[in-house]
**Student:** 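This is the structure, below, for whatever I ask next.
Just so we're on the same page: letters track the sequence lines, and every chain starts at 1.
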Amino acid sequence: MRRVTLYDSMTRTTRDFAPMLPPRVGLFVCGLTPYDRAHVGHGRGFVIFDMVARALRRWGYRVLYVQSVTNIDDKVIARAAATGADPLALSDRNFREYLALAERLRIRSVNYYAYSTDHLPDILAQVGQLLDRGFAYVAADGSVYFSVAKFPAYGRLSGQKVEALQPGARLAPDERKAAPEDFVLWKAARPGEPAWESPWGPGRPGWHIEDTAITSRIFGPRYDLHGGGLDLIFPHHEAEIAQAESATGAAPLVNYWMHWGLLTLRGEKMSKSIGNTSSLEGALEAVGPDVLRFYYLNAHYRSPLEFDEAKSLAEAVEAYGRLARPADRIDELLARDGPERAGEELSEARRSAADDLVEQLDRTLANDFASREAIALLFGWSRTLAEDLDGLARWSGAALEQLAAPYRWGEEVLGLFGRAAAGPSGALPGAVAAAIAARRRARERGDFAEADRIRSELRAAGIELEDGPAGTRWTTTDRA
RNA sequence: GCCAAGGUGGCAGAAUGGUUAAUGCGGCGGACUGCAGAUCCGCUUCCUGGGGGUUCGAUUCCCUCCCUUGGCUCCA
């Protein structure tokens, strides 16, 4: 297992990562409340933790990655009521849509998506435990609240003092609570709302309880790593700590807390509540998974990241294109001629440069997942290879694989360099290959009007031609 | 008011107690080209919010002030 350091929000320091039962790692990330469609901001956190899980696995850790799905809550109910839909059907549909996007974004590292409603027995058990141990109370309407006064460590993660909080700063205080800082574990159902039976009457889980019920079930009372957006630190993660540590008596609930920075739009947080969102699907449609992942990972995970609809993705398209070009050329050659293709072998110096770079990439990323720095290293490799792109054709299959090693690393860990559309002319369908040949003949006899006509015809069909010293190359403009 | 995260070139964004502060975008120049585009090369050496302090040396560490964003019980 590689040594990994990461910034822990609880201690506000960068620490060596030491799982409790190496090489096993329990990883939990707060997922979506799918009352609406996912936006670009959601994608950031999930791509970041996809990278974290991929990297840890590459480095020898056995990661069990669980992500929650808050499929029942006030917003789901409100949205369902507004649209006449069934709440659970609504959240299920939105979540399935997200899953399809996640698949296209190559987010495949999550082992288990845990729906709140699939863990009701665990939730009821934990609420019961909190009541038995005296940390919670039942209100007149049958709702159950956690009594924050019973948990002195409350506020440690966020640095907040309970006395300094301003109840009602943004939301109207709930008058059923004994104290304004208390939070709800179980919400009594109002007429017409989805409800489950409980010892305290019909109701549904509060927002925070599902996550600790799920992690207690899967990991036990303590686990290694918890991720989430910076906006979840208070109150959500604070509440998780309070309820779980009170219910189980074991502490700390989590050994390492990682929080990612939010996406901003004109300097303001992108949020469904503010309404300044841009859909994840739209971004994925516009630029494809490689560019979108590149955009997310081209900033440190903890930094705020500005999403300018007019510029950010366009810039990422340019930058990623430059980064991936040599990788695409190598893959073209390998796809056309196979891994056994004949050619020169790499010099010892060249081969060890590739190996050294891969080691450097691992080392860089293992330092608090500095993906931006790793990408800068990959740019350096691309710059070297780009000096003689056409010259890549002289290498053997084995040599090309060695040159591609840093890109294979990027594929495995960052999920970039998807091998798709671009291809050499030889692999074209016959009709298109014939068109390119006809254009070549037209150019040779000086009939440029005909040559340009063929070029624009192919362009209309989604095929771009590129004339270079080594002949005409083509790429499709479709995106994977 | 309190808590947290930030403030780096035209822009997006790294990093570090010490040679020219990474990388990319954009811009400019050149190569290539029938043309265009694409691509490649070079340049873009005057960028670390203000003020103090520690140090031989601070963008980095400390203090203070200013500003931005997030949170204060809905949020990725």
**Student:** Counting only side-chain heavy atoms from C-beta out, which of rA76(B), rG6(B), rU73(B) sits nearest to Pro235(A)?
**Tutor:**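 That would be rU73(B).
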
**Student:** Given atom CG of Leu232(A) and atom P of rA4(B), what is their separation to the nearest angstrom?
**Tutor:**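 Interatomic distance, CG of Leu232(A) to P of rA4(B): 18 Å.
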
**Student:** Output the rounded distance in Å from CD1 (Ile233(A)) to P (rG70(B)).
**Tutor:**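 Distance, rounded to whole Å: 14 Å.
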
**Student:** Quick one: which of rA76(B), rC11(B), rG34(B) gets closest to the side chain of Leu262(A)?
**Tutor:**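 Looking only at heavy atoms from C-beta outward on Leu262(A), the closest nucleotide is rA76(B).
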
**Student:** Just wondering, do Phe234(A) and rG71(B) stack (centres under 5.5 Å, planes under 30°)?
**Tutor:**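 Per 5.5 Å and 30° rule: no stacking.
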
**Student:** Would you list the atom pairs, donor with acceptor, under 3.5 Å between side chains in residues 370-377 of chain A and any protein atom, with sequence neighbours excluded?
**Tutor:**
unit_1	atom_1	unit_2	atom_2	d
Ser371(A)	OG	Leu297(A)	O	2.7
Arg372(A)	NE	Asn298(A)	O	2.4

**Student:** Regarding Tyr407(A) and Asp331(A), do their side chains bring together a donor and an acceptor under 3.5 Å, going by distance alone?
**Tutor:**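 No - no donor-acceptor pair under 3.5 Å links their side chains.
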
**Student:** List, with names and distances, any nitrogen or oxygen atoms from the protein found under 3.5 Å away from nitrogen or oxygen atoms belonging to nucleotides 64-67 of chain B.
**Tutor:**
none

**Student:** Take atom P in rU60(B) and the same atom in rU54(B), then report the distance between them in whole Å.
**Tutor:**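 The same atom, P, in both gives a distance of 15 Å.
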
**Student:** Do side-chain atoms of Tyr295(A) reach the backbone of Glu315(A) as a donor and acceptor pair under 3.5 angstrom?
**Tutor:**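 Looks like no, no N/O pair under 3.5 Å.
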
**Student:** Under 3.5 Å, which donor-acceptor pairs do the side chains of residues 143-151 of chain A form with other protein atoms, sequence neighbours left out?
**Tutor:**
unit_1	atom_1	unit_2	atom_2	d
Ser143(A)	OG	Asp141(A)	OD1	3.2
Ser143(A)	OG	Asp141(A)	OD2	3.3
Ser143(A)	OG	Ala188(A)	N	3.0
Tyr145(A)	OH	Asp174(A)	OD2	2.8
Tyr145(A)	OH	Arg176(A)	NE	3.4
Lys150(A)	NZ	Gly134(A)	O	3.1

**Student:** Need one value for Leu305(A): base, sugar-phosphate or nothing, where a base atom within 4.0 Å counts as base even if backbone is also close, heavy atoms only.
**Tutor:**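 Sugar-phosphate, backbone atoms only, no base.
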
**Student:** Could you tell me how far apart Gln160(A) (CD) and rG1(B) (P) are, to the nearest whole angstrom?
**Tutor:**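 After rounding, the reported distance stands at 15 Å.
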
**Student:** If the condition is ring-ring contact (aromatic ring centres under 6.0 Å, His included), which residues does Phe46(A) pass it with, not counting sequence neighbours?
**Tutor:**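 ring-ring contact (aromatic ring centres under 6.0 Å, His included) list for Phe46(A), sorted by chain: Tyr98(A).
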
**Student:** Go through it in stages, so that I can follow the logic: the residues are Glu411(A) and Arg54(A), the test is salt bridge (Lys or Arg N to Asp or Glu O under 4.0 Å), and I'd like the CA-CA distance, side-chain angles, deciding distance and then a yes or no.
**Tutor:** CA-CA 10 Å; Glu411(A) 186 177 11; Arg54(A) 286 165 177 258; over 6 Å; no

**Student:** Quick check: on RNA chain B, is the nucleotide nearest Ala239(A) upstream (toward 5') of the one nearest Phe46(A), or the reverse? Name the residue that is more 5'.
**Tutor:**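 By nearest-heavy-atom nucleotide position, the 5'-most residue is Ala239(A).
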
**Student:** In terms of the nearest nucleotide of RNA chain B, which residue is placed more toward the 5' end: Ala370(A) or Glu387(A)?
**Tutor:**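 Nearer the 5' end of the strand: Ala370(A).
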
**Student:** In whole angstroms, how far is the C1' atom of rC2(B) from the CD atom of Glu181(A)?
**Tutor:**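 The distance from CD of Glu181(A) to C1' of rC2(B) comes to 15 Å, rounded to the nearest Å.
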
**Student:** Side chain of Arg325(A), base of rC40(B): donor and acceptor closer than 3.5 Å?
**Tutor:**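 No such pair is found, so the answer is no.
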
**Student:** With the side chain of Ala299(A) defined as its heavy atoms from C-beta on, choose the nearest nucleotide among rG13(B), rU39(B), rU73(B).
**Tutor:**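 The nucleotide sitting nearest to the side chain is rG13(B).
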
**Student:** Think Ser303(A) has a side-chain N or O under 4.0 angstrom from the OP1 or OP2 of rA14(B)?
**Tutor:**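 Yes, because at least one side-chain N or O of Ser303(A) sits under 4.0 Å from OP1 or OP2 of rA14(B).
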
**Student:** Is there a donor and acceptor pair closer than 3.5 Å between the side chain of Asp452(A) and the base of rG34(B)?
**Tutor:**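 Flag set: donor-acceptor pair detected.
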
**Student:** Who pairs with Tyr223(A) by ring-ring contact (aromatic ring centres under 6.0 Å, His included), at least two apart in sequence or on another chain?
**Tutor:**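 So Tyr223(A) forms a ring-ring contact (aromatic ring centres under 6.0 Å, His included) with Phe219(A).
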
**Student:** At 4.0 Å (heavy atoms only), tell me whether Gly159(A) reaches a base, stays on the sugar-phosphate, or touches nothing.
**Tutor:**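 It contacts sugar-phosphate atoms only.
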
**Student:** Does one side chain, of Asp73(A) or Tyr35(A), offer a donor that lies under 3.5 Å from an acceptor on the other?
**Tutor:**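 Looking only at side-chain atoms, Tyr35(A) and Asp73(A) do not form any donor-acceptor pair under 3.5 Å.
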
**Student:** Just to verify, which of Trp257(A), Tyr154(A), Phe28(A) counts as forming a ring-ring contact (aromatic ring centres under 6.0 Å, His included) with His237(A)?
**Tutor:**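 So, applying the ring-ring contact (aromatic ring centres under 6.0 Å, His included) to His237(A) and each of Trp257(A), Tyr154(A), Phe28(A), only Trp257(A) qualifies.
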
**Student:** Have a look at Gly45(A) and say if it touches a base, only the backbone sugar-phosphate, or nothing, with a 4.0 Å heavy-atom cut-off.
**Tutor:**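 Answer is nothing: Gly45(A) stays at 4.0 Å or more from every strand.
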
**Student:** Please enumerate all residues that pass side-chain contact (heavy atoms from CB on, under 4.5 Å) together with Ser109(A), with sequence neighbours excluded.
**Tutor:**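 By the side-chain contact (heavy atoms from CB on, under 4.5 Å) rule, Ser109(A) matches Asp50(A), Ala53(A), Arg57(A), Tyr65(A).
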
**Student:** Sort and list the pairs that fulfil salt bridge (Lys or Arg N to Asp or Glu O under 4.0 Å) and have at least one residue in residues 205-215 of chain A, not counting sequence neighbours.
**Tutor:**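 Residue pairs passing salt bridge (Lys or Arg N to Asp or Glu O under 4.0 Å), neighbours aside: none found.
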
**Student:** Whole angstroms only, please: what is the CZ-C1' distance between Arg439(A) and rU33(B)?
**Tutor:**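 Answer to the nearest Å: 11 Å.
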
**Student:** With a 4.0 Å cut-off on heavy atoms, is Arg443(A) in touch with a base, just the backbone sugar-phosphate, or nothing at all?
**Tutor:**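 Base, at least one base atom sits under 4.0 Å.
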
**Student:** I need the CZ-P distance between Arg156(A) and rG71(B), as an integer number of Å.
**Tutor:**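 In whole Å, rG71(B) P and Arg156(A) CZ are 24 Å from each other.
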
**Student:** Indicate, with a heavy-atom threshold strictly under 4.0 Å, whether Gly43(A) touches base, sugar-phosphate, or nothing.
**Tutor:**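 Gly43(A): no heavy atom of the nucleic acid under 4.0 Å.
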
**Student:** Give me each pair satisfying side-chain hydrogen bond (donor to acceptor under 3.5 Å, both in side chains) with a member in residues 447-456 of chain A, each pair once, sequence neighbours excluded.
**Tutor:**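 Every side-chain hydrogen bond (donor to acceptor under 3.5 Å, both in side chains) pair that includes a residue of residues 447-456 of chain A, provided the two are not neighbours, is Glu450(A)-Arg453(A), Asp452(A)-Arg455(A), Arg453(A)-Glu457(A).
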
**Student:** Would you list the atom pairs, donor with acceptor, under 3.5 Å between side chains in residues 438-446 of chain A and any protein atom, with sequence neighbours excluded?
**Tutor:**
unit_1	atom_1	unit_2	atom_2	d
Arg439(A)	NE	Ala451(A)	O	3.3
Arg439(A)	NH1	Asp467(A)	OD1	3.2
Arg439(A)	NH2	Asp467(A)	OD2	2.8
Arg443(A)	NH1	Asp467(A)	OD1	3.4

**Student:** Nearest to the side chain of Asp231(A), heavy atoms from C-beta on, is which of rG71(B), rC35(B), rA4(B)?
**Tutor:**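 Output: rG71(B).
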
**Student:** Looking only at atom C1', what distance separates rA58(B) and rG71(B), rounded to whole Å?
**Tutor:**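 One C1' to the other, the span is 32 Å.
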
**Student:** Base, sugar-phosphate, or nothing: which does His236(A) touch, judged by heavy atoms less than 4.0 Å apart?
**Tutor:**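 Answer is nothing: His236(A) stays at 4.0 Å or more from every strand.
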
**Student:** Quickly work out the Tyr301(A) OH to rG6(B) P distance and round it to whole Å.
**Tutor:**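 So the two atoms are 10 Å apart, to the nearest Å.
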
**Student:** Stems in RNA chain B: runs of 3 or more consecutive Watson-Crick or G-U pairs, distances under 3.5 Å?
**Tutor:**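 Stem list for RNA chain B: B:1-7 with B:66-72, B:10-12 with B:23-25, B:26-31 with B:39-44, B:49-53 with B:61-65.
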
**Student:** Could a donor-acceptor pair under 3.5 angstrom be found where the side chain of Tyr145(A) meets the base of rU73(B)?
**Tutor:**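 By the distance-only test, no, there is no pair.
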
**Student:** Just how far, in rounded Å, is P of rG34(B) from CD1 of Ile454(A)?
**Tutor:**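 Result: 17 Å.
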
**Student:** Using a 4.0 Å heavy-atom cut-off across all strands, classify Lys311(A) as base, sugar-phosphate, or nothing.
**Tutor:**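 Sugar-phosphate, no base atom in range.
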
**Student:** Which atom pairs link the protein and nucleotides 20-30 of chain B when you take only N or O atoms and keep those under 3.5 Å?
**Tutor:**
unit_1	atom_1	unit_2	atom_2	d
rA22(B)	N1	Arg372(A)	NH1	3.1
rU23(B)	O2	Arg372(A)	NH1	2.5
rG24(B)	OP1	Arg383(A)	NH1	3.0
rG24(B)	N2	Glu315(A)	OE2	2.9

**Student:** List in chain and number order the residues that pass ring-ring contact (aromatic ring centres under 6.0 Å, His included) with Phe135(A), two or more places apart in sequence or in another chain; answer none if no residue qualifies.
**Tutor:**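 For Phe135(A), no residue satisfies ring-ring contact (aromatic ring centres under 6.0 Å, His included) once neighbours in sequence are set aside.
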
**Student:** Considering only rU33(B), rA76(B), rA14(B), which nucleotide approaches the side chain of His300(A) most closely?
**Tutor:**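 The answer is rA14(B).
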
**Student:** Would you measure the distance from the C1' atom in rC32(B) across to the matching atom in rU23(B) and give it in whole Å?
**Tutor:**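 About 26 Å, rounded to a whole number of Å.
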
